[in-house]
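The block underneath contains the structure these notes are about, expressed in structure tokens.
Model, not experiment: these values are computed from the prediction. We count ligands from 1, going down the list as the structure has it; atoms in each ligand are counted the same way.
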Amino acid sequence: MDDGGSSILSFDLWADAQKLFSGGVNSPVRAAVKPYPFFVKSGKGPYLITEDSKTLIDYVLGYGPLILGHAHPKVIEAVREQLDKGWLYGTPSRAEVELAKLITLHVPSAEKVRFVNSGTEATMTAIRLSRGFTNRTKILKFDGNYHGAHDYVLIDAGSAATEFGVPISQGVPREVASTVAVCPYNDLECTERVLKDEDVAGVIVEPVMGNMGVIPPDIEFLKGLRELTRAYGTILIFDEVITGFRLGLGGAQSYFSVTPDLTTLGKIIGGGFPIGAVCGKRDVIDSLTPMGKVFNAGTFNANPISMTAGIATIRELEKSDTYKVTERATRILADEIDNSIKMEHVVNKVVNFFQFFLGVKEVKNANDARKADRGLYSRVHENLLKLGVFIPPSQFEALFTSLAHDDKVIEESVSKFKKVLEELT
Ligand SMILES: Cc1ncc(COP(=O)(O)O)c(C=O)c1O
Ligand SMILES: N[C@H](C=O)CCC(=O)O
């Protein structure tokens, strides 16, 4: 980052933060920013403004939720209106019905919904549901898929768990870990072997892997998962915390025409406010308390602010050119990056999010991603930051585009990427 005498504020905040928080941060990936995490005072459209008064073009976008860009006026208006009416009732409110209607309208697998407060809670609840509904214990997940920060899934997890070398977290009881089988992504043979040999309650999968960089699925893999889980009476859970309302209004399940039994959502459906949701077949969701015996509860579940921001966001997605704009932005940027890198590399993109991998020929699963040159990726991140472009600090995250990433922003970004990539690769 260009100090220019003005980065004292971030630097000082960082010094304080290290005394106050483990590693100076409250979510580990943030500590990977080089040379040290900058602190943000505001966001507008495609930009972040740092405490050092630097403007950065943002391709992190809160790790995915901000598909309309920062501080979109429609979301501000809706949340302001809600604030005047209070923000927590401990009762149902109109907004949760409206948001659930939008989700069930657009997401093919969603007949009923349970709102929670994060993607982590959503996958935890979906897994418990699949166990409760089937009366089985085992879960199958895929190497490098990240489903949040709870015990059931911190086994061969991607994202910061891989970045910081804890794909299997300390503190997860061995008894819990032993209930989770892991297969390589895009590997149906392994999946079938596990389903045949074990009594599996649920298979949880990111329909596009977005937590080892971006890794697209083989369409046959998703279709095969559907057929196999049906054949073995296992619940298929699509973790669409990233892909939900990003690949289109119907998420990955519409994009790939594969309908799971349960879907977990988060990020975009809260318009950038904390949220999670489990949705799926009526009889499965009805297994949750109070109708059923699978427990879930939450003080902040379906809180009116997140509901309102989510409604405003989805309404905007329904009528704006967001998918056209974000796809175009990703295509131009990803292609230009592809052309600018001189060494062996891969650029993986799906609709409107992408990642590049240096020093490898193909990235089809987590093992391929681990072979990429992470040190060099980190230098690209650092040098781009000096030029005013913020990409994820970790190889194992994704670059996202938003409605605010118009041609002018992309043009400026392309010239900066070219400069850095031609110099470093
Ligand atoms: C696919 C996926 N599932 C689950 C989660 C967990 O969501 P949250 O961070 O909101 O708990 C994330 C991101 O963090 C994710 O990318
Ligand atoms: N990869 C994570 C979610 O998608 C990044 C967010 C975080 O862990 O802070």
Show the atoms of ligand 1 that are less than 4.0 angstrom away from any heavy atom in [X].
X: Ser118; value: 10 (O), 11 (O)
X: Asp239; value: 1 (C), 2 (C), 3 (N), 4 (C)
X: Gly148; value: 4 (C), 5 (C), 6 (C)
X: Thr120; value: 6 (C), 7 (O), 8 (P), 11 (O)
X: Glu206; value: 1 (C)
X: Ile242; value: 16 (O)

Report the part of [X] (side chain from C-beta onward, or backbone N, CA, C, O) that has a heavy atom under 4.0 Å from ligand 1; answer both or neither where that applies.
X: His147; answer: backbone
X: Asn145; answer: neither
X: Glu121; answer: neither
X: Tyr63; answer: neither

Under 3.5 Å, is there a donor-acceptor pair between the [X] and [Y] side chains?
X: Lys223; Y: Ser257; result: no
X: Arg114; Y: Asn296; result: yes
X: His150; Y: Thr123; result: yes
X: Thr137; Y: Thr179; result: no

| message | Ring of Tyr152, cation from Arg131 - is the NZ or CZ under 6.0 Å from the centre and inside 45° of the axis? | response |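 Yes, cation above the ring, under 6.0 Å and within 45°.
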Can you confirm whether more than 12 heavy atoms, excluding those of [X], are under 6.0 Å from its [atom1] atom?
X: Lys44; atom1: NZ; result: yes
X: Arg328; atom1: CZ; result: no
X: Lys138; atom1: NZ; result: yes

Which donor-acceptor pairs under 3.5 Å do side chains of residues 259-278 form with protein atoms, sequence neighbours excluded?
| from | atom 1 | to | atom 2 | distance (Å) |
| --- | --- | --- | --- | --- |
| Asp261 | OD1 | Arg226 | NH1 | 3.3 |
| Asp261 | OD2 | Arg226 | NH2 | 3.0 |
| Asp261 | OD2 | Leu236 | N | 2.8 |
| Thr263 | OG1 | Ser109 | OG | 2.6 |
| Thr263 | OG1 | Gln253 | NE2 | 3.0 |
| Thr264 | OG1 | Asp239 | OD1 | 3.0 |
| Lys267 | NZ | Tyr63 | O | 2.8 |

Provide the number and element of each atom of ligand 2 under 4.0 Å from a heavy atom of [X].
X: Tyr63; result: 5 (C), 6 (C)
X: Ser159; result: 1 (N), 2 (C)
X: Lys267; result: 3 (C), 4 (O)
X: Asn211; result: 1 (N), 2 (C), 3 (C), 4 (O)

| said: To check your reading of the model: name the closest protein heavy atom to atom 14 (O) of ligand 1, its residue, and the distance in Å. | reply: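 The closest one turns out to be Tyr146 CE2, 3.4 Å.
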| In the protein, what heavy atom is nearest to atom 7 (C) of ligand 2, and what distance, to one decimal place, separates them? |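 Protein heavy atom with the smallest distance to atom 7 (C) of ligand 2: Ser27 OG, 3.4 Å.
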| task | Check the angle between the aromatic planes of His405 and Tyr59 and answer parallel, tilted or perpendicular using the 30° and 60° thresholds. | result |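 Tilted: the ring planes of His405 and Tyr59 meet at 30° to 60°.
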| query | Parallel, tilted or perpendicular: which fits the ring planes of Phe353 and Phe400, with parallel below 30° and perpendicular above 60°? | reply |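 Because their plane-to-plane angle is under 30°, the rings of Phe353 and Phe400 count as parallel.
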| said: Heavy-atom pairs closer than 4.0 Å: do any link ligand 2 to the side chain of Arg30, the backbone, both, or neither? | reply: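 For Arg30, no heavy atom sits under 4.0 Å from ligand 2.
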| query | Between Phe396 and Tyr146, is the gap from one ring center to the other below 6.0 Å? | reply |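 They do not qualify: ring centres at least 6.0 Å apart.
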| If you measure every N/O of Gly119 against every N/O of ligand 1, is any gap under 3.5 Å? |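 Yes.
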| Do any N/O atoms on Asn211 end up under 3.5 angstrom from N/O atoms on ligand 1? |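 So ligand 1 has an N or O lying under 3.5 Å from an N or O of Asn211.
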